[in-house]
Amino acid sequence: MRIIHLFVIAALVFAAAYVYRIKMESTARTERVLRLHAEIREQREAIAGLRAEWARLDAPERLQGLADRHLPLKPLVATQYDSMKNLPERPPRFFKPGDPDPIGAMLETIDAAVDATTVTGSVPAPEKPR
């Protein structure tokens with residue numbers, strides 16, 4: 001009978017130690033969750049502050065004041081545009097209007113010459129089956 005009593009007492013001590021360990025783990029996890037919630041709240045407050053600062057910096061009145069102060073811009077005047085007769089002549093064409101575009105023809109020739117199995121030096125060529 002004494003062995004059963006000792007076994008029951010040992011089981012109770014083991015159960016109490018196990019429950020205590022579970023309680024301590026849950027307390028530690030609860031504290032971690034609370035710290036994370038506090039950190040999230042701080043980050044959200046920091047984001048709100050940064051958004052407010054961005055709105056202040058991005059205000060059109062502020063930007064207009066900075067532009068007036070730092071950029072020597074003058075208003076447009078209708079007389080500053082030139083007439084069409086004073087524009088320079090169109091540059092000469094090096095091919096006839098009916099002929100195909102020479103640069104486009106060169107690109108098509110290059111594309112046709114490139115084989116699908118051609119690779120660059122940075123990519124190893126695929127091994128051919130034997």
Side-chain angles (χ1 to χ4, degrees):
M1 196 64 155
R2 283 188 183 190
I3 293 179
I4 293 176
H5 288 265
L6 289 176
F7 179 72
V8 169
I9 291 172
L12 287 174
V13 168
F14 176 75
Y18 184 70
V19 169
Y20 182 75
R21 190 183 100 209
I22 290 174
K23 178 191 175 284
M24 293 308 291
E25 286 179 3
S26 66
T27 303
R29 288 184 183 186
T30 303
E31 289 174 358
R32 182 168 183 251
V33 167
L34 292 175
R35 279 194 310 267
L36 288 174
H37 281 297
E39 186 177 333
I40 289 170
R41 186 175 55 252
E42 289 173 4
Q43 293 296 323
R44 286 185 179 163
E45 290 173 359
I47 289 171
L50 290 172
R51 283 188 178 153
E53 184 178 353
W54 178 259
R56 184 185 62 81
L57 292 174
D58 200 33
E61 299 85 20
R62 178 183 170 278
L63 294 176
Q64 184 64 45
L66 290 173
D68 292 342
R69 190 173 343 137
H70 297 291
L71 297 176
L73 299 177
K74 298 176 184 172
L76 288 177
V77 181
T79 59
Q80 73 187 59
Y81 295 109
D82 207 356
S83 65
M84 293 293 283
K85 65 181 179 178
N86 294 335
L87 291 177
E89 290 295 320
R90 184 182 293 244
R93 286 187 163 185
F94 296 108
F95 60 95
K96 295 178 185 172
D99 292 342
D101 181 21
I103 295 175
M106 285 193 295
L107 292 175
E108 288 173 4
T109 305
I110 291 171
D111 288 341
V114 172
D115 188 24
T117 60
T118 304
V119 294
T120 63
S122 62
V123 178
E127 294 184 19
K128 295 180 181 178
R130 295 181 186 191

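Remember, it's a predicted structure, so these values are computed and weren't measured experimentally.
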Requested in this report: Sequence neighbours left out, what passes side-chain hydrogen bond (donor to acceptor under 3.5 Å, both in side chains) with Glu25? Give chain and number order.
Outcome: Arg21

Report summary line: Interatomic distance, CE@Met24 vs OG1@Thr27, rounded to 0.5 Å, equals 5.5 Å

Query raised in the report: Quick one: hydrophobic cluster around Leu76, which other residues, with the 4.5 Å side-chain cut-off, linked directly or via members?
Result: Tyr81

Report task. Search all heavy atoms of Leu57 against all heavy atoms of Leu63 and return the closest pair with its distance. Result -> O-CD2, 3.8 Å

**Report entry** Neighbour count >12 (heavy atoms, 6.0 Å) for atom CG, Leu34
**Finding:** yes

Report summary line: d(Ile9 CD1, Arg2 CZ) to nearest 0.5 Å is 11.0 Å

Query raised in the report: More than 12 non-hydrogen atoms from neighbouring residues, nucleotides or ligands closer than 6.0 Å to CD1 on Ile3, yes or no?
Result: no

Query raised in the report: Taking the side chain as C-beta and beyond, is there a heavy-atom pair between Val8 and His5 under 4.5 Å?
Result: no

Query - Spacing of Lys23 atom NZ and Thr30 atom OG1 [to the nearest 0.5 Å] - result: 10.0 Å

Requested in this report: Could you list the residues that satisfy side-chain hydrogen bond (donor to acceptor under 3.5 Å, both in side chains) with Asp68, not counting sequence neighbours?
Outcome: Gln64

Query - Heavy-atom closest contact (Arg56 atom, Arg62 atom, distance) - result: O-CD, 3.4 Å

